[in-house]
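Quick notes on the structure that follows.
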Amino acid sequence: MRQVVRSGDYDLDLEELVIEGEGDRMTLSVGPHHPSTHGVLRMVLEIEGERIVKATPEVGFLHTGIEKTAENLTWQQAITVIDRMDYLAPLSNNLGYVLAVEKLLGLEVPPRARILRLLFTELQRMASHLLWLGTTALDIGSQSVLMYAFDLREGILDLFEEASGARMNPSYFRVGGIAQDIPEGFEDMCRRFLDRVPERIREIRNILDENPIWLDRLKGVGVISAEDAIAWGVTGPNLRACGVPYDVRKAFPYAGYDEFEFDVPVGENGDCYDRYVVRMEEIMESYRLCRQALARLPRGPVMVNDRKIALPPKHEVRQSMEALIHHFKLVSYGFDVPAGEVYQALESPRGEIGFYVVSNGKNKPWRVRVRGPAFYNVFAMPVMMQGALLADMVAIIATVDPVFGEVDR
Amino acid sequence: MEMTNNQFFLTSVEKFVRWAQKSSIWPLTFGLACCAIEMMNLVSPRYDMAQFGAEVFRSTPRQADLMIVSGRLSNKMVPVIEQVYRQMPEPKWVIAMGACASSGGIFDNYAIVQGVDEVLPVDIYVPGCPPSPDAVLYAVLKLREAIASGQAHGGVMRA
Amino acid sequence: MSGVRRQREPYTGGAEAMAYVRDEIVPALVAAFGDGVVPLETPFEMPQVQVAPGQLAAVARWLKDRGFNMLVDVGGVDYLPRKPRFEVVYHLLALPQLWRLRLRVPVEEDEAEVPTVSDVWPSAAAAEREVWDLFGIRFAGHPNLTRILMPDDWVGHPLRKDYPLQGPRAQLPAHAAERNRYHAPKLPGDPPGTAGLPGGAKGGK
Ligand code: SF4
């Protein structure tokens, strides 16, 4: 006997929930519109009673054609679409892309720009982890943590707004530096914000760390071994939770991370709880990095002094014909980048994000291939879900922290 | 509504119904992309949509009145959004949040539908990439006005 | 409870590791496979080699046995009008040695097929589906080579250089309103006049 039941949220055809007569195995489709999938993931689960036998993720519901669109924009313009890929950490995307292009161009950015970039990327990491924390806690059932985390995250968004004019998707970095210098008083504002961080993180950890519900839902759930994680291409906090201390910032230093002091927090069990602790500790490491960056922020320009790449300052454009021509050329045509291929890896809040940029010597990228860490993390989820309870699926999806803009690009 | 001698309440049924509808708009959690993150901010302490009776984000379309389409709509997602919209009970309203939902935004390409109004009737468009939560709050206020004045009926699906 | 973190030194020294790959592993690889593997210049640190499609499976096994345990990425590039037109690019990483290596596999347009490496690195399965979806390069022996990002009934492979940016909309009459309309995948019984288009024009606007 075969019975077809319509599920509440979504069914393409009528066969969303198929209960087969013999045995009690059934197929359950979760998503793409489901509150626990953090976006538009569809999970097709085969369950026996409450146990998950097999999970198959289906992605692509947010495919945006970002890679193709980037091929049709100039090098500098492509930053805007690359921003919108991993929308929880747009500045990490920005940084990876501009570093790749700068490698092709052989550019060295001024020290002030380098350190500002580091500062903003680390703020971004904090913001991303805070948002992750809030939504995960909400999924597990703690709404107050959501409020605490969002409140703190607002502080970071304010800083972004102050510097770049946009709360999210700031497109603040440029090939050759950053778009504009930080406004006056920004450093104090940033310090005032940072003063709030340790206290608030301690508060949140007080709520969660020893909370029996939190522990029950996360400890020993969604375990993945280090070997499996590596084989499935898992990176970032998810990999470090398994005890593998791989962090691109330490392994392949970029943007001057080797001059700064920070630790790489590592878990040991590879379960949901360790993923939580690793992220919480990373917030504090980012906090340390931000403090150091503020302390040694040098004075100076924030853009390379190369009129073929950087826009001339406005007052020059008004007076000098040459500057006007440069301005016109940069805005309309952009600049050529020497032919070649380059792969730039960096540590985004979700793991190793890689930009494989191919240039054919023209003013537009020939190909921007993005290795999205979330893409590989999502496809490792079935390993974590094997044999888990149905309710654990929520915890597993939440702690893996997928961002579908980046999975689907 | 008008009070008579502090004892009666004279109103037409329609006005009363509209008043009830506008005062408790329950939005659907339909997050698609970047804009969804800003939509989540609506319930955060700073913006607090609860003051307008619209903070109860429902996960199932059967209990929601308002769909805030927050983000870019891809071709693959179209059957899903149509289905979810059909599952919402009437009256139902749609806010297109952000440039992508309103017009395709910066993604004029093969994957993205150039505005959700191609597939759903939209009541209010919110510009911005992403619009700040204030802008969405303003849109919700506008929607309340439109409901109260009878301009927004809570449409039926076209075609 | 939360204090029990095993302290481990993070992996460091990526630059030396890549130099080691360039000086030691690549020559050994070339020696083992002869014509099938051609070392390429390495302008930006990461060593790269060109691998003939026929040799890829064997090369992948060889590298996996030497320690390259993570397949970081599989991506395609379309070099139209060059011949061979496509290239499939594999980025490998070895943990904890931090070796990195890039394999570039040229692919002809007519026989766009390379062997799958998903039996060597499971993470390849999803990434190869994406390359098939966006470039139309087949992976022989892949367990489930279906579209992953685009809808199943989509026609064409969007990241090919001769695929228009606007997709099916670009083939419509150059009438702005018409071009911007959403086109549902073509269904049997759609009105004539939309032949050749992946999407039939959706009425009822
Ligand atoms: S309008 Fe902007 S922020 Fe909103 S979904 Fe589109 S790209 Fe993202």
Side-chain angles (χ1 to χ4, degrees), chain A residues 57-60 63 65 67-69 71-72 103-104 205 209-210 215 227-228 230-235 243-253 263-268 277-278 280-281 340-345 352 354 356 358 360 366-367 369-371 375-376 378-380 383 408-409, chain C residues 1-2 4-15 17-18 40-41 43-46 48 69-79 87 89 91 93-96 98 100 102 104 120-127 130 133-134 144 147-151 158-161 163 165-167:
Chain A
E58 194 185 323
V59 301
H63 179 55
E67 293 176 0
K68 180 104 178 166
T69 309
E71 287 170 12
N72 289 276
K103 250 190 201 174
L104 280 170
R205 292 199 67 165
D209 270 5
E210 317 251 324
L215 292 176
E227 291 73 40
D228 278 350
I230 291 176
W232 284 91
V234 175
T235 45
V244 183
Y246 172 60
D247 185 319
V248 186
R249 289 175 292 175
K250 287 275 189 198
F252 302 93
D263 291 330
V264 178
V266 175
E268 45 190 325
V277 176
V278 166
M280 293 308 277
E281 306 258 328
E341 297 89 6
V342 63
Y343 178 83
Q344 174 69 47
E352 171 176 335
Y356 181 61
V358 180
N360 65 339
W366 181 255
R367 173 91 168 96
R369 158 77 196 168
V370 185
R371 187 257 182 212
F375 182 84
Y376 291 89
V378 161
F379 282 92
V383 184
D408 300 342
R409 276 156 281 133
Chain C
M1 170 163 305
S2 54
V4 218
R5 293 293 114 194
R6 207 187 302 161
Q7 282 306 318
R8 281 213 191 160
E9 275 304 301
Y11 301 149
T12 49
M18 286 203 273
L40 301 173
E41 267 181 68
F44 306 105
E45 299 123 16
M46 190 184 297
Q48 48 178 355
N69 47 7
M70 188 190 277
L71 177 72
V72 176
D73 192 27
V74 182
V77 185
D78 180 357
Y79 283 100
E87 204 166 75
V89 183
H91 286 95
L93 173 68
L95 292 177
L98 292 184
R100 273 185 190 279
R102 180 187 303 143
R104 296 170 60 175
V120 184
W121 296 285
S123 61
E130 189 187 320
D133 189 355
L134 301 179
N144 173 30
R147 286 193 182 266
I148 185 171
L149 296 182
M150 303 304 295
L159 245 57
R160 289 189 172 199
K161 284 284 174 186
Y163 190 92
L165 173 64
Q166 294 186 328

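Quick caveat, the model's predicted, so the values are computed rather than measured. All chains are named by letter (A, B, ...) in the order of the sequence lines, taking the proteins before the strands, and each is independently numbered beginning at 1.
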(message) For the interface with chain A, which of C:Val120, C:Leu134, C:Val74 has the highest count of heavy-atom pairs at distances below 4.5 Å?
(response)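 Looking at each option in turn, the highest pair count goes to C:Val74.
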(request) Give the member of C:Gly75, C:Pro122, C:Gly76, C:Ala124 that has the highest number of heavy-atom pairs under 4.5 Å with chain A. (result)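 Most heavy-atom pairs under 4.5 Å with chain A: C:Pro122.
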(request) Using the salt bridge (charged side-chain N to carboxylate O under 4.0 Å, His left out) rule, take A:Glu341 and C:Arg104 through it: C-alpha gap first, then chi angles, then the decisive distance, then the call. (result) CA-CA 11 Å; A:Glu341 297 89 6; C:Arg104 296 170 60 175; 3.0 Å; yes
Which heavy-atom pair separates [X] from [Y] by the least distance, and what is that distance?
X        : Y        : result
C:Ala127 : A:Tyr376 : CB-OH, 3.4 Å
C:Ser123 : A:Gly233 : CB-N, 3.9 Å
C:Val72  : A:Glu352 : CG1-OE2, 3.5 Å
A:Lys68  : C:Pro158 : NZ-O, 2.9 Å
A:Ile230 : C:Met70  : O-CG, 3.5 Å
C:Leu159 : A:Arg367 : CD2-NH1, 3.3 Å

Interchain contact, [X] with chain C, by part (heavy-atom threshold 4.5 Å):
X        : result
A:Asp408 : both
A:Val59  : both
A:Tyr246 : both
A:Val234 : backbone
A:Gln344 : neither
A:Thr235 : side chain
A:Ala345 : side chain

For the candidates [options], which exhibits the highest count of non-hydrogen atom pairs separated by less than 4.5 Å from chain C?
options                                : result
A:Asp247, A:Val244, A:Val378, A:Val370 : A:Val244
A:Gly60, A:Ala251, A:Gly354            : A:Ala251
A:Met280, A:Glu71, A:Glu67             : A:Glu71

Side chain, backbone, both or neither: which part of [X] has an atom under 4.5 Å from a heavy atom of chain A?
X        : result
C:Leu95  : side chain
C:Val89  : side chain
C:Arg147 : neither
C:Asp133 : neither

First locate atom [atom1] of [X], then atom [atom2] of [Y], and finally report the distance between them rounded to the nearest 0.5 Å.
X        : Y        : atom1 : atom2 : result
A:Phe375 : C:Leu149 : CZ    : CG    : 6.5 Å
A:Arg249 : C:Thr12  : CZ    : OG1   : 14.0 Å
C:Leu93  : A:Phe252 : CG    : CZ    : 5.5 Å

(request) Using a 4.5 Å cut-off on heavy atoms from C-beta on, say whether the side chain of C:Tyr11 contacts that of A:Val264. (result)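 Not touching, per the 4.5 Å side-chain cut-off.
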(request) Could you tell me whether the side chain of A:Trp366 reaches within less than 4.5 Å of the side chain of C:Tyr79, counting heavy atoms only? (result)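 Answer yes - side chains close enough.
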(message) List the residues meeting salt bridge (charged side-chain N to carboxylate O under 4.0 Å, His left out) with C:Glu130, not counting sequence neighbours, and say none if there are none.
(response)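 With sequence neighbours excluded, C:Glu130 shows a salt bridge (charged side-chain N to carboxylate O under 4.0 Å, His left out) to A:Arg369, A:Arg409, given in chain and number order.
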(request) Using modelled atom types only, decide if a donor and an acceptor are shared between the side chain of C:Arg102 and the backbone of A:Val342 within a distance under 3.5 Å. (result)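 No, the answer is negative, given that no donor and acceptor are paired below the 3.5 Å cut-off.
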